[in-house]
Amino acid sequence: MDLFLSKKALAISPSSTLAIDAKFKSMKANGIDVVGFGAGEPDFDTPVHIKEAAIQAINEGYTKYTPASGMPQLKEAICQKFKNDNGLDYQPEQIVISNGAKHSLVNTFMAICDPGDEVIIPTPFWVSYPEMVKLADGVPVYIHTTEENDFKFTIEDLRKAITPRTRALILNSPSNPTGMVYTAEELKAIAQIAVENNIYIVSDEIYEKLIYDEITHTSIATFGNEIKELTIVINGVSKTYAMTGWRIGYTASNAKIAKVMSNLQSHATSNPNSIAQIAAIAALNGPQTDVEVMKKAFVERRNYMVERINSIEGLSCRKPQGAFYVMMNIKSTFNKEFYGKVINNSDQFAEMLLEKAKVALVPGSGFGAEGYVRWSYATSMVNIIEGLNRVEKFLKGDI
Ligand code: PMP
Ligand code: GLU
């Protein structure tokens with residue numbers, strides 16, 4: 001039987017990060033000795049006080065629908081977070097709480113895009129952005145950055161990408177997959193262009209707390225009222241509090257945008273899980289010591305990984321400033337034969353590495369960054385050492 005499927009749905013490709021993770025998990029379940037660096041998911045458990053708050057929520061009967069855009073208590077906690085961490089004043093009606101930041105992003109593009117509206121996405125980008133824009137009938141427009149420029153776009157690049165159809169620019173600082181962080185000065189210049197051209201900034205700040213060395217995070221919404229009105233801040237608890245499975249993300253925006261997103265959500269999913277919302281309150285209002293412990297581990301892992309990669313002949317990488325990913329340059333392996341086959345691109349490299357060395361990395365192609373593969377260092381030091389040993393052997397033809 002010929003099944004009809006919509007052109008829009010058929011045009012959406014699967015998430016390569018989740019696909020690699022699924023492949024890694026199924027290999028492991030089949031007893032294969034594989035090391036996984038696919039999905040970026042903290043290997044730490046959710047802090048105990050957060051889990052206890054959730055158990056208490058169940059016992060106290062927080063098991064019913066909440067308002068579609070989230071509980072007032074959690075909105076208050078989120079407003080307080082914006083005030084304390086970012087110096088931003090938001091009211092509860094400007095906050096929409098959703099099923100993970102992924103859902104917050106989809107709501108955002110649904111709310112701001114008409115068919116054919118262009119959304120500027122700097123490369124390398126997180127794999128889901130272009131597909132989310134397409135889901136909302138928008139058109140992704142790419143600004144290509146270079147490793148030499150720390151994977152950052154210039155103001156000139158941005159100006160050239162803007163057309164009368166430009167609706168928004170996606171900013172993701174610290175970035176998945178490059179770990180790069182835009183400075184306050186760079187953000188100020190971007191804000192000025194956004195205001196001049198009346199374009200939204202979708203500012204994905206989900207890695208704001210995972211930022212290393214002396215570098216600090218600034219939200220682009222802090223550069224005055226005009227840019228604040230045009231910014232939709234995306235954030236969530238998945239990364240900072242090792243809560244990926246709980247599915248709580250949120251937006252802060254102009255109240256009119258928030259209302260439209262809330263309306264959409266009221267039909268699509270209703271409220272995000274009520275128990276997870278209570279847990280998110282505990283995460284935001286409770287002690288932040290676990291975040292510091294995780295951060296310390298991430299710094300050690302990053303330092304080791306970066307040093308090791310740059311010591312292996314034919315490989316190189318930049319030192320990321322935040323998040324928990326490293327983009328490894330593999331261009332020198334192209335057009336060379338490994339184990340009887342020529343490697344021409346990042347998909348082939350990742351596939352052969354998984355097959356021969358049993359190491360799962362995500363190909364750069366999914367991030368709009370051919371010539372690279374992404375490591376996640378949100379995994380143990382033991383795995384990181386083993387993974388890098390295997391890659392070194394693989395390249396020497398020694399597997
Ligand atoms: N934005 C970025 C840049 C991410 O890496 C992720 C990771 N999944 C998300 C948003 C979404 O996170 P979640 O849906 O788990 O809140
Ligand atoms: N954001 C993480 C990653 O990039 C988790 C997987 C996903 O949602 O894409 O690996």
Side-chain angles (χ1 to χ4, degrees), residues 12-25 36-43 46 70 74 78 96-109 121-133 135 151 169-182 201-211 217 232-252 265 269 272-273 276-277 279-280 283-284 298 320-327 350 360-369 372-379:
I12 304 296
S13 47
S15 159
S16 56
T17 49
L18 296 184
I20 295 280
D21 193 51
K23 197 162 180 182
F24 156 72
K25 284 179 178 147
F37 301 90
E41 171 164 48
D43 53 321
T46 304
L74 178 53
I78 291 168
V96 176
I97 302 153
S98 305
N99 298 283
K102 237 178 202 175
H103 187 201
S104 306
L105 282 156
V106 171
N107 279 341
T108 299
F109 299 120
I121 309 178
T123 68
F125 46 76
W126 177 42
V127 294
S128 292
Y129 293 145
E131 307 310 302
M132 289 165 163
V133 169
L135 266 180
F151 297 112
L169 162 73
I170 304 182
L171 263 189
N172 176 215
S173 177
S175 150
N176 175 6
T178 68
M180 290 306 162
V181 176
Y182 282 89
I201 302 284
V202 179
S203 183
D204 184 346
E205 304 181 14
I206 196 150
Y207 295 102
E208 70 166 331
K209 295 286 175 78
L210 302 177
I211 201 161
H217 169 79
I232 298 128
V233 182
I234 310 286
N235 212 323
V237 296
S238 285
K239 316 289 174 179
T240 310
Y241 302 103
M243 290 177 72
T244 45
W246 299 72
R247 313 306 304 132
I248 296 291
Y250 53 86
T251 53
Q265 187 160 300
T269 61
N273 181 292
Q277 288 191 63
L284 293 173
F298 287 143
Q321 302 165 314
F324 35 59
Y325 307 102
V326 170
M327 280 300 256
L361 301 182
V362 190
S365 54
F367 303 97
Y372 298 86
V373 284
R374 190 193 77 173
W375 293 79
S376 157
Y377 52 88
T379 186

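As the structure lists them, so they are numbered: ligands from 1, and atoms in each ligand from 1. All figures in this text were calculated on a predicted structure; none of them were measured in a lab. Just so it is clear, the values below take in all heavy atoms, side chains as well, and ignore hydrogens, waters and symmetry mates.
Against a heavy-atom cut-off of under 4.0 Å, G40 is close to the following atoms of ligand 2: 2 (C), 3 (C), 5 (C), 10 (O). Listed by atom number, the atoms of ligand 2 under 4.0 Å from Y325 heavy atoms are 1 (N), 2 (C), 3 (C), 4 (O), 10 (O). For ligand 1, the atoms closer than 4.0 angstrom to any heavy atom of N172 are 3 (C). The atoms of ligand 1 that sit less than 4.0 Å from any heavy atom of G100 are 14 (O), 16 (O). Residue-ligand proximity, R247 to ligand 1, at heavy-atom distances under 4.0 Å covers atoms 13 (P), 14 (O), 15 (O). Short contacts between ligand 1 and Y207, defined as distances under 4.0 Å to a heavy atom of the residue, involve ligand atoms 3 (C), 4 (C), 5 (O). Listed by number with element, the atoms of ligand 2 under 4.0 Å from a non-hydrogen atom of L18 are 6 (C), 7 (C). For ligand 2 and K102, the ligand atoms under 4.0 Å from any heavy atom of the residue are 7 (C), 8 (O), 9 (O). If you number the atoms of ligand 2 from 1 as listed, the ones under 4.0 Å from a heavy atom of R374 come out as 3 (C), 4 (O), 10 (O).
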Check: Would F24 and F37 count as a ring-ring contact (aromatic ring centres under 6.0 Å, His included) if you check the C-alpha gap in whole Å, the side-chain angles of each, and the deciding distance to 0.1 Å?
Finding: CA-CA 9 Å; F24 156 72; F37 301 90; 8.5 Å; no
Next item on the list: Test side chain to side chain contact (heavy atoms under 4.5 Å, CB included) on Y325 and F367 and set out the steps.
Entry: CA-CA 12 Å; Y325 307 102; F367 303 97; over 6 Å; no
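The nearest heavy-atom contact from the protein to atom 7 (C) of ligand 2 is T17 OG1, 3.5 Å.
Inclusion of Y129 in the set of residues having an N or O under 3.5 Å from an N or O of ligand 1 is not warranted. Between Y325 and ligand 1, no N or O atom pair is found at a separation short of 3.5 Å. Checked against a 3.5 angstrom limit, the closest N/O atoms of K239 and ligand 2 fall inside it. The shortest N or O to N or O distance between N99 and ligand 1 is not under 3.5 Å. Distances between N or O atoms of N176 and those of ligand 1 include at least one value under 3.5 Å. Residue I248 has no nitrogen or oxygen atom sitting less than 3.5 Å from a nitrogen or oxygen atom of ligand 1, judged on distance alone.
In this structure, G236 has no heavy atom closer than 4.0 Å to ligand 1. Taking 4.0 Å as the cut-off, E41 does not count as a neighbour of ligand 1 on heavy-atom distance. For K239, the closest heavy-atom approach to ligand 1 falls below 4.0 Å. Heavy-atom distances between T244 and ligand 1 stay at or above 4.0 Å for every pair. Heavy atoms of A39 approach ligand 2 to within less than 4.0 angstrom.
Within the 4.5 Å cutoff, side-chain heavy atoms of Y241 are placed close to those of L284.
Screening K209, K239, H217 against P174 for a side chain to side chain contact (heavy atoms under 4.5 Å, CB included) leaves a single residue, H217. Exactly one of L171, I170, I232 qualifies for a side chain to side chain contact (heavy atoms under 4.5 Å, CB included) with I201. That residue is L171.
At a heavy-atom cutoff of 4.0 Å, ligand 1 is contacted by no atom of I234, backbone or side chain. Contact annotation for N176 and ligand 2: only side-chain heavy atoms (C-beta onward) come within less than 4.0 Å of the ligand.
Expressed to the nearest 0.5 Å, how far OH of Y182 lies from CG of N172 amounts to 9.5 Å. Separation of atoms OG (S16) and CZ (R374) is listed at 8.0 Å; rounding is to 0.5 Å. Here the CG-CG distance, from L210 to N176, works out to 11.5 Å after rounding to the nearest 0.5 Å. Remark: M243 CE to I248 CD1 distance equals 7.0 Å, nearest 0.5 Å.
One option in S15, S376, S173, S238 has a heavy atom closer to atom 15 (O) of ligand 1 than any other, and that option is S238.
Between the Q277 side chain and the P272 main chain, a donor and an acceptor come within less than 3.5 Å of each other.
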